[in-house]
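Please read the structure below before turning to the comments.
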Amino acid sequence: MPVSTLALNDGTQTPWIAFGTGTAFYNKDAAKAVTVAIQNGFTHLDGAQVYGNETTLGEGIVASGVPRSELYITTKLGTLGPGETPKSLLEESLKKLGVAYVDLYLVHQANQHVGKLKQVWKGMEEAKNAGLTKSIGVSNFTADHLRDILEVATIPPAVNQVEAHPYVWEALGPNLAIHEQYDIITSSYGGLSPLFRAKGGPLDPVIEQIRVRLETTRGAPVSDGQVLNKWLKQKNVLVVTTSSKAERIREYIDTENIPELTTQEVELIDTTGAKLHKRFFPGNWPPE
């Protein structure tokens, strides 16, 4: 079963779930994990210059045997040195990845370009206009960061990838309002963090209650992770997740086949998540 897609504001489509090559694969050989991910159903690979493994991400793609045309590749702009531009750094990334273009190119961190966001965004537009990337977007951008670049943007960001899960969803309100206004897709990393980084939190019994209901409805196993990923999916979020285990990778892809959460279940996760504000990657966001 093919992975379903989300429509971006530039007319392109992105698979709703992506395999991330940061975290556990940071500055490590990601080739085998990428190949396993593709062979088990992932078509969207999410990399970054700062991860230090774009070369092995490219090797993993080649080893999978799946044609480039059937895959969706994301990378992200790191820090800019003297004389460097988003376009020149993307050209370097393309050489490492072994591809002619990426599908999505994101500004990784607003805080790496203080006072220069407008200039950086114009450089991102230059990279897109040169055909090096089909879509451009941002990551870890607050509502204020977005407003800054939207003042000069001729192409609005297609995606904003942020830490997103029930314990920060309410705090993301200002972001979500701008995302809706400009049809910017919210992408999540750390979406499953409440399950394994905050055990004993208010969400635990709610997720278990919904998991049991879904499992009964489906007549087949449903995991806690699938409940949270389904919650994100039903909010039209582009989910970035990762694992080195084939079984877990298949479970992520299988989220598509889980019955829908009811409106009441989605709202219950929303209201329960709002009882605890917890950010697991605080360095990527201004102090709150």
Side-chain angles (χ1 to χ4, degrees), residues 1-8 12-21 23-24 32-46 60-61 64-67 69-74 103-104 159 161 163-167 169 185-197 203-270 272-273:
M1 178 178 174
V3 175
S4 66
T5 58
L6 294 162
L8 300 186
T12 63
Q13 302 270 331
T14 175
W16 81 274
I17 192 164
F19 181 81
T21 58
T23 324
K32 185 178 177 186
V34 167
T35 301
V36 169
I38 295 171
Q39 289 174 342
N40 284 281
F42 272 91
T43 54
H44 185 165
L45 295 315
D46 180 275
I61 289 168
S64 75
V66 174
S69 58
E70 293 177 22
L71 299 172
Y72 190 101
I73 303 171
T74 295
D103 296 275
L104 180 61
V159 169
Q161 187 181 121
E163 179 180 349
H165 49 73
Y167 290 148
W169 195 256
I185 286 288
T186 305
S187 177
S188 73
Y189 63 83
L192 302 183
S193 295
L195 299 177
F196 58 91
R197 290 192 172 104
L203 269 176
D204 290 11
V206 169
I207 297 296
E208 176 59 14
Q209 170 193 324
I210 296 171
R211 187 196 69 75
V212 170
R213 199 281 297 171
L214 290 172
E215 195 164 272
T216 304
T217 303
R218 187 186 193 194
V222 173
S223 71
D224 291 349
Q226 287 176 321
V227 175
L228 262 191
N229 278 337
K230 194 74 172 186
W231 176 80
L232 288 162
K233 186 176 190 299
Q234 286 181 226
K235 289 184 176 289
N236 286 323
V237 170
L238 163 50
V239 172
V240 180
T241 190
T242 195
S243 178
S244 55
K245 297 175 181 156
E247 184 182 354
R248 186 61 54 82
I249 287 166
R250 286 192 291 272
E251 177 192 306
Y252 293 151
I253 295 293
D254 181 52
T255 302
E256 197 111 30
N257 306 314
I258 301 298
E260 295 273 296
L261 276 64
T262 65
T263 305
Q264 291 82 3
E265 287 170 336
V266 171
E267 287 173 358
L268 183 58
I269 292 175
D270 290 356
T272 306

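Start at 1 with the first residue, then count along the sequence. Only heavy atoms go into these numbers, but all of them, side chains included; no hydrogens, no water, no symmetry mates.
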Decide yes or no for [X] and [Y]: does some side-chain heavy atom of the first lie under 4.5 Å from some side-chain heavy atom of the second?
X    : Y    : result
I269 : V266 : no
V237 : W169 : yes
Q13  : L6   : no

Is there a donor-acceptor contact under 3.5 Å from the side chain of [X] to the main chain of [Y]?
X    : Y    : result
R218 : P221 : yes
T5   : T14  : no
T12  : L8   : no
E208 : P205 : no
Q161 : T186 : no
K230 : T255 : yes
S244 : A33  : no
N40  : V36  : yes
Q226 : S223 : yes

Show your working on side chain to side chain contact (heavy atoms under 4.5 Å, CB included) between Y72 and L45 and close with a plain yes or no. CA-CA 6 Å; Y72 190 101; L45 295 315; over 6 Å; no
Would you please test T21 and T242 for side chain to side chain contact (heavy atoms under 4.5 Å, CB included) and show each step? CA-CA 7 Å; T21 58; T242 195; over 6 Å; no
Is it true that E256 and W16 share a donor-acceptor pair across their side chains at a distance under 3.5 Å? yes
For residues S188 and H165, is any side-chain donor paired with an opposing acceptor at under 3.5 Å? no
